[in-house]
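A, B, ... follow the sequence lines: proteins, then strands. Residue 1 opens every chain.
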Amino acid sequence: GVMERSREQLLRQTCEAVVLGVLHPRTAITLVLQVLSDAGSLLSCCLNAACMALLDAGLPLAALFCGVTCALQPDGTILLDPTARQEQEARATLTFAIGSSGRKVLMATTKGSCSVDEMQQCLAAAQRAADTIFQFYRDSVRRRYSKS
Amino acid sequence: FSICSRTVEPLEYYRRFLKENCRPDGRELGEFRTTTVNIGKCLCSITTADGSALVKLGNTTVICGVKAELAAPAVDSASKGYIVPNVELPSLCAERFRSGPPGEEAQAASQFIADVIENSQMIVKEDLCIASGKLAWVLYCDIICLDYDGNLLDASVFALLAALKNVQLPLVTINEETGLSEVNLKQKNPLIIRKHPVATSFAIFDDTLLIVDPTAEEEDLATGTVTIVTDEEGRLCSVHKPGGSPLTGAKLQDCITRAITRHKEVKKLIDKVIKSVTPK
């Protein structure tokens with residue numbers, strides 16, 4: 001449906017920004033994401049899966065990216081990586097794709113409305129959380145290559 | 001000085017202008033194209049729609065028609081009506097669009113418009129309910145691009161807002177004896193629009209420069225796009241950055257500031273047009 005097309009556009013353009021396509025001319029890179037279960041923060045999970053798959057494929061990337069979802073609760077507190085229930089109860093849900101060089105914003109999408117300050121706070125929280133996710137990438141890749 | 005052709009080396013051609021902080025069509029980096037809006041049956045010429053608006057952003061022309069129909073509300077939300085937006089990019093608006101099922105851009109635009117309506121709460125679905133569990137309004141909002149010259153999302157959101165402000169819904173009552181609905185076409189009320197969201201789109205050039213209201217040519221050369229939707233209270237209804245070059249938080253803040261200024265300009269324009277169309 002339209003929701004899937006919209007998500008595909010977000011993921012495709014995020015990947016296109018990091019994959020060094022010039023090194024692989026006349027090549028099609030197909031990224032297939034199959035949702036096995038959705039317990040909240042689906043889009044950021046897709047982003048993380050996409051980046052790790054691109055890493056595993058050995059494609060040349062300009063930077064890594066990770067997905068972080070922030071939920072703004074009705075009382076104003078910021079919740080990272082919300083569950084489906086928390087997303088439903090939230091006033092606003094913001095999903096960011098943060099790049100590894102300079103923690104810049106590669107992709108942003110919001111649901112619900114929030115003030116500008118709240119958005120900046122969520123962005124700052126997401127940029128801090130990105131460090132944890134990139135460390136997870138490093139550990140996973142290290143584990144993968146230390147086995148073989 | 002080397003001769004740089006617009007068709008042979010478009011990016012170099014554009015860079016020459018961007019270095020001087022302007023664009024080939026004479027605009028500054030933060031300047032919008034001339035925006036015009038026509039609302040209603042007389043000026044917009046969709047006589048069959050309940051509300052219509054035609055928006056021109058430079059050459060980009062978008063028409064929005066709203067049709068109101070009656071339906072039974074969904075079982076899990078018995079006191080809510082429906083708003084169904086649909087964005088069409090027919091093959092007549094640009095060479096890149098072929099006839100057939102809607103392409104990805106049209107579908108993504110439809111989803112974006114649905115999200116804007118939901119996030120901004122411009123129309124509260126409970127306002128569309130006539131009798132809880134029995135009857136509610138369905139608003140079919142068809143947004144059709146007649147000429148595509150970039151910045152589809154801004155024009156679509158504006159056309160939708162203008163068309164919805166133009167909608168007059170007849171009074172519907174349910175006859176208690178027969179249980180049937182009676183539509184009184186003589187008594188019409190305007191839709192209750194609670195918020196006025198306005199979209200502002202930017203194109204990112206060479207990972208650093210942000211230009212407002214890109215044309216189709218600029219969109220093709222850009223390395224990314226950002227669309228910010230704000231309402232009259234300065235709240236963010238949507239930050240839509242579908243991939244593309246990375247941006248720092250500060251650059252994003254610049255976009256938001258420009259979007260808030262643009263909101264005031266658009267609101268003034270829409271109020272002026274509505275006032276000129278309202279019968280005295």
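The contact between S245(B) and chain A is made entirely by backbone atoms, counting heavy-atom distances below 4.5 Å. With a 4.5 Å cut-off on non-hydrogen atoms, I256(B) touches chain A through its side chain but not through its backbone. Looking at R12(A), the atoms closer than 4.5 Å to chain B (heavy atoms on both sides) all sit in the side chain, from C-beta outward. Proximity to chain B (any heavy atom under 4.5 Å) is shown, for L106(A), by both the backbone and the side chain.
Judged purely by atom type and a 3.5 angstrom limit, E4(A) uses its side chain to pair as donor or acceptor with the backbone of G1(A). N48(A) places a side-chain N or O within 3.5 Å of a backbone atom of S44(A) that can act as its donor or acceptor partner. For H263(B) (side chain) and E233(B) (main-chain N/O), no donor-acceptor pair under 3.5 Å exists by modelled atom type. A donor-acceptor pair under 3.5 Å links the side-chain atoms of S110(B) to the main chain of V87(B), judged by distance alone.
For the set A17(A), G112(A), S6(A), C15(A), the entry with the most heavy-atom pairs within less than 4.5 Å of chain B is G112(A). The candidate with the highest count of non-hydrogen atom pairs below 4.5 Å against chain B, out of I98(A), V18(A), V116(A), is V116(A). Your options are V105(A), L123(A), T14(A), and the one with the most heavy-atom pairs under 4.5 Å with chain B is V105(A). Counting heavy-atom pairs closer than 4.5 Å to chain B, the top residue among Q127(A), R5(A), E8(A) is R5(A). Comparing K111(A), R7(A), Q13(A) by heavy-atom pairs within less than 4.5 Å of chain B, the highest count is held by Q13(A). Options Q107(B), K195(B), E105(B) differ in how many heavy-atom pairs under 4.5 Å they form with chain A, and the most are formed by Q107(B).
The aromatic rings of F205(B) and Y14(B) sit parallel, their planes meeting at an angle under 30°, below the 60° perpendicular limit.
Salt-bridge check for D206(B) with R15(B): passed, with a basic side-chain N closer than 4.0 Å to an acidic carboxylate O.
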Donor-acceptor pairs under 3.5 Å, side chain of residues 246-254 of chain B to any protein atom, not counting sequence neighbours: which ones?
residue : atom : partner : partner atom : Å
T248(B) : OG1  : K251(B) : N            : 3.3
K251(B) : NZ   : T208(B) : O            : 3.4
Q253(B) : OE1  : Q120(A) : NE2          : 2.6

